[in-house]
Engineer: 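Before we start, here is the structure in question, set down as structure tokens.
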Number of protein chains: 2
Amino acid sequence: MNKDLYVALKSLNLKATPKRLAILDILVAESVYLAPEEVWRKMRKRFKSIGLPTIYRNLEDLANGGVLIKIIHPDRKLYYYLCANADHHHHFICINCKKVEDLSYCGAEEIEKEVKKNLKGRVISHLMQVFGLCKDCSVSRTIAT
Amino acid sequence: MNKDLYVALKSLNLKATPKRLAILDILVAESVYLAPEEVWRKMRKRFKSIGLPTIYRNLEDLANGGVLIKIIHPDRKLYYYLCANADHHHHFICINCKKVEDLSYCGAEEIEKEVKKNLKGRVISHLMQVFGLCKDCSVSRTIAT
DNA sequence: TCGTAAATAGAATTTATTTCTATTTAGATA
DNA sequence: TATCTAAATAGAAATAAATTCTATTTACGA
Ligand SMILES: [Zn+2]
Ligand SMILES: [Zn+2]
Ligand SMILES: [Zn+2]
Ligand SMILES: [Zn+2]
């Protein structure tokens with residue numbers, strides 16, 4: 001189990017329960033975003049008894065603590081993704097295979113400038129997500145179902 | 001009633017029913033995004049009998065036809081907004097009064113470049129929304145509840 | 001080892017959204 | 001203008017994601 005994650009849990013005052021660690025373990029192994037129900041299915045292979053509310057609660061707590069990022073998907077369902085990159089950045093999300101890749105580009109400064117100058121408003125946060133087909137998915141024309 | 005909207009409905013093969021026109025009328029009058037239920041409440045002042053499914057169906061049809069834009073909100077609820085600006089652009093959303101304002105800035109080209117060059121992927125769409133306090137709301141410290 | 005706050009299971013619930021069916025209506029056509 | 005038909009609607013019912021609740025269990029500091 002990843003040492004950094006252990007430390008992260010500590011600093012969030014979250015106990016290192018077997019279930020919580022397993023959820024993280026599942027997400028670490030994936031480079032795709034997962035719905036709570038998908039995490040649940042994977043968890044059921046490891047635990048004989050595991051409730052869906054436990055999955056929801058943990059994913060949300062971990063996202064609030066910054067350990068996971070929440071994907072704001074056009075389908076409006078919940079998805080979570082464990083991103084190792086701690087700096088501010090955005091993501092390219094493959095809508096076919098659900099792989100997530102980091103983007104370095106972020107227009108925060110330009111946005112800030114425009115909002116301040118033209119709208120006389122104040123930026124609190126910005127959301128940017130790019131959807132598309134990753135390298136593999138745009139080469140093979142096979143679309144996952 | 002706005003002539004352009006009439007024409008837009010025609011081109012989408014959507015009938016100009018009183019309810020549909022009233023929904024548009026309500027949205028034209030607002031510079032804020034509205035949830036289906038909020039539109040419904042306003043509609044109930046105009047029609048003695050008006051079903052919520054009618055609201056949902058119309059908002060969705062109009063959004064699919066490009067007449068309305070759907071706000072992808074972090075709270076994952078549905079919101080719609082009638083934006084007069086037909087060109088590609090993004091929005092600044094006031095989290096206090098829910099006012100929506102157009103932004104001219106869009107990093108599409110830079111994103112496109114990075115995804116193509118570094119990730120070898122293909123961009124299908126991008127989502128950008130800026131949240132903050134509009135001019136009025138950042139001046140008056142009164143936060144709506 | 002013990003005590004306690006945190007975490008969990010499992011059932012029940014909430015609520016936004018969608019589906020279904022019978023009825024009505026807009027708007028084209030004769 | 002009267003008629004016709006596909007589109008639109010009402011209202012009830014269903015769906016399903018997400019959350020709440022309560023009793024029980026557990027992690028972990030003292
Ligand atoms: Zn892919
Ligand atoms: Zn950014
Ligand atoms: Zn405002
Ligand atoms: Zn853009």
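Per chain, numbering begins at 1; letters A, B, ... match sequence-line order.
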Engineer: Can you tell me which residue among A/N96, A/I95, A/V130, A/I93 is in a side-chain contact (heavy atoms from CB on, under 4.5 Å) with B/I124?
Structural biologist: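 That would be A/I95.
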
Engineer: Show me the donor-acceptor pairs, under 3.5 Å and distance only, between side chains in residues 45-56 of chain A and residues at least two apart or in other chains.
Structural biologist:
from  : atom 1 : to    : atom 2 : distance (Å)
A/R46 : NH1    : A/D25 : OD2    : 2.9
A/R46 : NH2    : A/D25 : OD2    : 3.2
A/T54 : OG1    : A/R57 : NH2    : 3.3

Engineer: Got a second to check how far A/Q129's CD is from B/S125's OG, nearest 0.5 Å?
Structural biologist: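 Nearest 0.5 Å value for the CD-OG distance: 10.0 Å.
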
Engineer: Verify the contact: side-chain N or O of B/Y56 to OP1 or OP2 of C/dT18, cut-off strictly under 4.0 Å; return yes or no.
Structural biologist: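 No.
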
Engineer: For DNA chain C, whose closest nucleotide is more 5', that of B/P36 or that of A/T17?
Structural biologist: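 That would be A/T17.
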
Engineer: Just to be sure I understand the rule, does B/L78 reach a base, reach only the sugar-phosphate, or reach nothing, if contact means heavy atoms closer than 4.0 Å?
Structural biologist: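 Sugar-phosphate only.
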
Engineer: Can you measure from CG (B/L14) to CG (B/L5) and round to the nearest 0.5 angstrom?
Structural biologist: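 Answer for the CG-CG pair, B/L14 versus B/L5, is 11.5 Å.
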
Engineer: Among all residues two or more places apart in sequence or in another chain, which pass the side-chain contact (heavy atoms from CB on, under 4.5 Å) test with B/K15?
Structural biologist: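 B/T17, B/R20.
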
Engineer: Looking across every strand, which nucleic acid part, if any, lies under 4.0 Å from A/P18 by heavy atom: base, sugar-phosphate, or nothing?
Structural biologist: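 Sugar-phosphate contact only - A/P18 comes under 4.0 Å of backbone atoms but never of a base.
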
Engineer: Could you state the NZ-P distance from B/K19 to C/dT25, rounded to the nearest angstrom?
Structural biologist: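 So the two atoms are 9 Å apart, to the nearest Å.
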
Engineer: Between A/C137 and A/K99, is any pair of side-chain heavy atoms under 4.5 Å apart?
Structural biologist: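 Heavy-atom side-chain distance check fails, nothing below 4.5 Å.
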
Engineer: Which is the 5'-most and which the 3'-most nucleotide of DNA chain D that has an atom under 4.0 Å from a heavy atom of chain B?
Structural biologist: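 Here the contact window of chain B covers D/dA6 to D/dA18.
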
Engineer: Fit a plane to each ring of A/H91 and A/Y81, take the angle between them on a 0 to 90° scale, and name the class: parallel (under 30°), tilted (30 to 60°) or perpendicular (over 60°).
Structural biologist: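 If you compare the ring of A/H91 with that of A/Y81, the planes turn out perpendicular.
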
Engineer: Between A/E38 and A/K98, does any side-chain N to carboxylate O distance fall below 4.0 Å?
Structural biologist: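 Here A/E38 pairs with A/K98 in a salt bridge, since their nearest N and O are under 4.0 Å apart.
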
Engineer: Classify the nucleic acid contact of A/A35 as base, sugar-phosphate or nothing, counting any heavy atom under 4.0 Å across all strands shown.
Structural biologist: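 The residue A/A35 makes no contact with any strand.
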
Engineer: First locate atom CG of B/L59, then atom NZ of B/K70, and finally report the distance between them rounded to the nearest 0.5 Å.
Structural biologist: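 Between atom CG of B/L59 and atom NZ of B/K70 there are 10.0 Å.
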
Engineer: Which whole-number value in Å describes the distance from A/K15 NZ to C/dT4 P?
Structural biologist: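 So the NZ-P distance, A/K15 to C/dT4, works out to 13 Å.
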
Engineer: Taking atom CG of B/L24 and atom CG of B/L9, what is their separation to the nearest 0.5 Å?
Structural biologist: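 Atom-to-atom, B/L24:CG and B/L9:CG are 6.0 Å apart.
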
Engineer: Enumerate the residue pairs fulfilling side chain to side chain donor-acceptor pair (under 3.5 Å) with a member in residues 27-37 of chain B, sequence neighbours excluded, ordered by first and then second residue.
Structural biologist: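 Residue pairs passing side chain to side chain donor-acceptor pair (under 3.5 Å), neighbours aside: B/E30-B/K42, B/Y33-B/H73, B/E37-B/R41.
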
Engineer: Pull out every residue in residues 38-49 of chain B that has a heavy atom closer than 4.0 Å to any atom of DNA chain D, ordered by number, or say none.
Structural biologist: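 Within residues 38-49 of chain B, the residues near DNA chain D are B/S49.
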
Engineer: For DNA chain C, find the residues of residues 57-69 of chain A with a heavy-atom distance under 4.0 Å and give them by number; none if there aren't any.
Structural biologist: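 Those residues whose heavy atoms fall under 4.0 Å from DNA chain C, taken from residues 57-69 of chain A in numerical order, are A/R57, A/N58.
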
Engineer: Would you kindly give the CD-to-C1' distance between B/E37 and C/dT14, to the nearest whole Å?
Structural biologist: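 Distance, rounded to whole Å: 14 Å.
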
